[in-house]
> 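For reference, the structure I am asking about is given below.
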Amino acid sequence: MTGATDLLAVDWGVYGAIAAMAAATYAMRAGGFWIMGRLPLTARVQRMLAALPGSIVAATVLPLVVNGGPVAALAVGAGGAVMMATRNDFLAVAAGMGVAALARAGGLP
């Protein structure tokens, strides 16, 4: 077969799976907004919502540190320290990347 005829061979299952995932994602987001529109914003709910971004960051970063070994731990630590000191996202990312590059160049696994 040539390249032109391969373009006509479409696997509709892939597109169906993508459409189903998009619909599920939309339903989750819209459902969350719908539920929060009907939930009274008590002090407890406001505290929970205020703590949510930090818990999402921790849930994202912790597996990277655990699976990444000492280089990842050093990089995340450096990025966190620079972020606390400067409150500058760009500098924190640059510091983390720099520490990771230096650690790898130094032979850390």
Side-chain angles (χ1 to χ4, degrees):
M1 289 195 165
T2 64
T5 56
D6 287 343
L7 291 176
L8 298 177
V10 176
D11 184 7
W12 291 105
V14 172
Y15 291 111
I18 291 171
M21 288 186 287
T25 300
Y26 177 76
M28 291 291 129
R29 292 188 65 110
F33 285 119
W34 182 78
I35 289 171
M36 287 306 294
R38 282 147 182 76
L39 186 70
L41 286 178
T42 63
R44 182 178 181 183
V45 172
Q46 288 177 346
R47 284 192 311 270
M48 179 198 66
L49 291 174
L52 194 58
S55 63
I56 291 172
V57 169
T60 304
V61 171
L62 187 61
L64 296 174
V65 171
V66 170
N67 293 328
V71 172
L74 287 172
V76 168
V82 170
M83 185 64 188
M84 287 191 313
T86 65
R87 300 283 186 220
N88 187 319
D89 298 340
F90 180 75
L91 288 178
V93 170
M97 289 173 50
V99 167
L102 288 173
R104 292 275 188 218
L108 280 176

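Below, all heavy atoms of this structure are taken into account, side chains as well, without hydrogens, waters or symmetry copies.
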> Specify the closest pair of heavy atoms between Ala58 and Pro63, including all atoms of both residues, with the distance to one decimal.
O-CD, 4.3 Å

> Specify the closest pair of heavy atoms between Pro109 and Val71, including all atoms of both residues, with the distance to one decimal.
O-CG2, 3.2 Å

> To the nearest 0.5 angstrom, please state how far the CG atom of Leu41 sits from the CE atom of Met48.
9.0 Å

> If you look at every heavy atom in Asn88 and Leu91, which pair is closest and at what distance?
OD1-N, 3.2 Å

> Looking only at heavy atoms, what is the nearest atom pair of Pro40 and Val45, with distance?
O-CG2, 4.0 Å

> Any link between Phe33 and Tyr26 through a network of hydrophobic side chains (Ile, Leu, Val, Met, Phe, Trp, Tyr) touching at under 4.5 Å?
no

> Flag yes if Val65 and Val57 sit in one hydrophobic cluster, no otherwise; membership is Ile, Leu, Val, Met, Phe, Trp, Tyr, and two members link when side-chain heavy atoms are under 4.5 Å apart.
yes

> Count I, L, V, M, F, W, Y as connected when their side-chain heavy atoms are under 4.5 Å apart, and connections chain through other members. Are Met97 and Val76 then in the same cluster?
no

> Any side-chain heavy-atom pair from Ser55 and Leu52 closer than 4.5 angstrom?
yes

